[in-house]
Amino acid sequence: MHDYHIQYTDVRKDDHLAGYYAWMNFKSYRKIAAESFKPFFERYACTGSGLVLGTAQKELIRAAKEIFDINPVRVDTACEQPHIRLTTENNGEAETLPGSFAIKTTTGAITVTGQDESGVLYGVFNLIRSIGLGQTPEQAQKSESSKVELRLYHHWDMYKSGESLVLNTGTWAGRSIFFKNRELVTDDMTQIRDYARLLASVHINALCLNNVNVPIREMRLMTEEMLPHVARIADTLREYGVRLFLCIHFAAPVVLGALGTADPLDEGVKKWWSDIADTIYRYIPDFGGFIVKADSEGEPGPFTYGRDHVDGANMLAEALKPHGGIAIWRCFVYDCHMDWRDRTRDRAKAALECFQPLDGKFADNVILQTQNGPFDFQPREPVSTVFSGLSKTNQAIEFQIVQEYTGRQTHICYLVPLLKEALDFDTYSKGEGSTVASVVDGSLYNLPHGGITGVSNICDDEYWTSHPIAQANFYGFGRLTWNPQLSSEEIAREWISLTFGHEKKIMDILLPFMLESRELYEGYTAPLGIGWMIVPEVKYGPDVDGYEYTPWGTYNYADRDGIGVDRTKETGAGYTMQYNSPVCDLYNNIETCPDELLLFFHHVPYTHKLHSGKTVIQHIYDAHFESLDRVVQFREEWRSLEGLIDPHCFELVDKRLGMQITDATDFRDVVNTYFHRFSGIDDEKGRKIYQ
Ligand code: GCV
């Protein structure tokens, strides 16, 4: 059997190629930089002081040197010669939301005004990005702010990272940058600082260090034993305005504290957590807070003590409150011991059923964090109904940027279109226009907190993300957290230009493929919203029945006549009814249900006609053949870029495309043969389907 475990890339720290600096390789901007910027970069002035403002100056100086070969001189603000002026004195130039900035160009100065120090840093990064995009000082002018308060990248990293990367033992991207040789990094912070720089460049302002599943060693991150080390990481992130969060284990008072209980209403337990919070804030004064996976997939939670999620979350929130911290409570709560024989129960319904009755009861420093879809980061899922069903609780959306289920950093799968679909989705909670973006930024219901979080795809390799093109997912995630209105194409264009330069041929070849790539991955893996046709545990490689008779609740119910899960009101599990009108009817009605989600909501015969005009079975065959063919074609196109792309990157991508083709061929043949055997229906185009 093919080995579907993670394929590492080399770690070549000696060789700081463009890959390491990613889209922030200022030297590569030289070719395109407008000369008219040069006089401004001769001098700079800065009003105010502080750690992050210091970073903003360093980045400005670095850009001057690396792009223009200039060592800028510091001047005072009265300077009459051209200069760049950084200031936190915001007299209406910038908005007032944290991180807001404005860039204004006059003949004498380019002024970067920040509402706060982070605002100045973001403004500087925007100014430099404009240079990398070939804009002029006039075109660089802008004023930006973000309604999304929490923009968090979540490292599902563990001590065991790099040892054995199967379920729950590491990051799905590769080796951790924080835990090396089974220890937390405590000495040289260079790589972490370089990483913080990338985070801030796309305005991510928070990072969680450890996996949501928290074994005992990770539990100790919040204790005196480990906090001095954790604080060093927090100190480094702080230079770039990034706050640190930690995942906690709900039963820590029992495991670490030797209390007999972790009951959230027990006074001893409350005090234990409050002491923990006090200790953390002594080491990390701007600590962001806790992220909690409770009563989920075997992780303990309040249910053990007959309490509910409100009791659990509010107890932690109370401990954090005096310090300004937040408790992020995950809604990934479902029964993972389901019986495939029992069709009355549906995992998709679990999160809303669990949390809707609790709406309005959470403390105001609790955020409920829900995955974009009701299952678990499949290449295609409808948007979770939790965003449609709560109105009195702070909410965040959780995306998976690491490609656990979308090609394991081996396939090119540009995820921004998937993210956009979820953020743009109209919940109709307050009538038309009630988008998920407006739910999670708190604006729809005027709630104090909200956020967009992503499971990080960062690992310890020369490109940070194993696959060089997967950097676009990191970049795109950050750009969208700051501004959910940006388009997938806009973001891809920026990333390609900043990473590969301005050669038209690169854009012409790479851009269309990136924009198609998620649908291609979907095309040769699982059809029409069904998901889960993968090898369990490794979550990669074809296995149509891999999850079919498991307790995970992730079934396709394929038989000789048809496929799909009936989630309708009339004859199925009724998940469609968790959506607001008119979405519930759209999905419930087989006539109006969009093709790409048909099998998520309906069980249909293989001969059912899609809106596309194809039958379901023909769609399955076509999608598997054509998606693979497109990847093969793209590899040829990529090869025509030789000489235009850094040779090492060129080869690495080429090699990974080879792996993508091999694995997509496996998917094509296994999935097509499976359904051909079941349905007995031939491909109308007569292509090879193995028997
Ligand atoms: C970190 C799924 C994933 C796990 C993940 C879990 C979660 O089960 O496979 O890797 O755990 O979801 O999101 O909590």
Side-chain angles (χ1 to χ4, degrees), residues 4-6 152-174 176 178-179 208-215 217-219 221 245-250 290-301 303 309 312 328-338 347-348 350-351 354-355 368-379 381 384 386 396-409 415 422 452-459 525-526 531-541 543 546-547 550-555:
Y4 291 119
H5 285 83
I6 286 181
L152 182 144
Y153 220 26
H154 190 159
H155 280 254
W156 277 4
D157 294 10
M158 290 179 137
Y159 274 99
K160 280 176 87 180
S161 265
E163 299 290 315
S164 144
L165 287 168
V166 293
L167 181 67
N168 295 346
T169 58
T171 146
W172 291 103
S176 171
F178 294 110
F179 303 100
C208 184
L209 190 60
N210 60 316
N211 198 297
V212 286
N213 301 318
V214 190
R217 284 189 74 177
E218 283 79 352
M219 270 182 239
L221 293 172
F245 283 70
L246 288 174
C247 280
I248 59 101
H249 187 266
F250 197 78
F290 298 140
I291 301 184
V292 196
K293 174 177 178 178
D295 289 314
S296 166
E297 296 187 331
E299 292 295 298
F303 288 171
H309 293 284
I328 301 177
W329 193 266
R330 291 178 91 222
C331 295
F332 189 59
V333 178
Y334 69 98
D335 178 7
C336 62
H337 302 287
M338 308 234 335
R347 169 171 163 181
C354 180
F355 287 95
L368 291 186
Q369 175 174 284
T370 308
Q371 294 185 359
N372 60 287
F375 271 94
D376 193 11
F377 305 127
Q378 296 302 291
E381 291 185 43
S384 169
V386 175
I397 189 165
E398 179 182 16
F399 291 112
Q400 195 178 46
I401 309 307
V402 71
Q403 294 170 256
E404 176 182 359
Y405 293 103
T406 49
R408 190 61 71 68
Q409 317 294 116
L415 292 167
I452 301 179
T453 77
V455 182
S456 158
N457 65 350
I458 296 308
C459 65
T525 52
W532 298 108
M533 294 182 177
I534 39 172
V535 182
E537 299 268 307
V538 291
K539 319 282 181 68
Y540 182 72
D543 188 351
Y547 279 91
T550 67
W552 296 103
T554 46
Y555 313 124

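Hydrogens, waters and symmetry mates are skipped; everything else that's a heavy atom, side chains included, is used. Both ligands and their constituent atoms are indexed starting at 1 by order of listing.
- At a threshold of 4.5 Å between non-hydrogen side-chain atoms, the residues Tyr540 and Val535 do not count as touching.
- Using bins of under 30°, 30° to 60° and over 60° for the plane-to-plane angle, the ring pair His309/Trp329 lands in the perpendicular bin.
- Judged purely by atom type and a 3.5 angstrom limit, Arg330 has no side-chain atom pairing as donor or acceptor with the backbone of Ile291.
- Looking at Thr406 and Gln400, their side chains never come closer than 4.5 Å, going by heavy atoms from C-beta outward.
- In this structure, Glu404 has a heavy atom closer than 4.0 Å to ligand 1.
- Comparing Phe332, Phe377, Phe375 against atom 7 (C) of ligand 1, the shortest heavy-atom distance belongs to Phe332.
- Residues passing the ring pair (Phe, Tyr, Trp, His ring centres under 6.0 Å) test with His249: none are found, sequence neighbours excluded.
- With ligand atoms numbered from 1 in the order given, ligand 1 contributes 6 (C), 7 (C), 11 (O), 14 (O) to contacts under 4.0 Å with heavy atoms of Lys293.
- Between Gln371, Glu297, Glu537, it is Glu297 that holds the heavy atom closest to atom 6 (C) of ligand 1.
- Among His154, Glu398, Gln369, the single residue meeting the side-chain hydrogen bond (donor to acceptor under 3.5 Å, both in side chains) criterion with Thr453 is Gln369.
- Side-chain N/O atoms of Glu297 and Tyr334 include a donor and acceptor closer than 3.5 Å.
- Ligand 1 has no nitrogen or oxygen under 3.5 angstrom from a nitrogen or oxygen of Asn211.
- Counting heavy atoms under 4.0 Å from ligand 1, residue Tyr405 touches it through the side chain alone.
- Taking every heavy atom of Asn213 and a limit of under 4.0 angstrom, the matching atoms of ligand 1 come to 1 (C), 11 (O).
- Ligand-side atoms of ligand 1 in range of Lys539: 3 (C), 9 (O), range being under 4.0 angstrom from any heavy atom.
- In this structure, Arg330 is part of the shell of residues with a heavy atom less than 4.0 angstrom from ligand 1.
- In terms of polar-atom proximity, defined here as any N/O pair under 3.5 Å, Trp156 makes no such contact with ligand 1.
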### Task
Walk me through it: do Phe377 and Ile401 pass the test side-chain contact (heavy atoms from CB on, under 4.5 Å)?
CA-CA 9 Å; Phe377 305 127; Ile401 309 307; over 6 Å; no
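- Those atoms of ligand 1 with a heavy atom of Trp172 less than 4.0 angstrom away are 10 (O).
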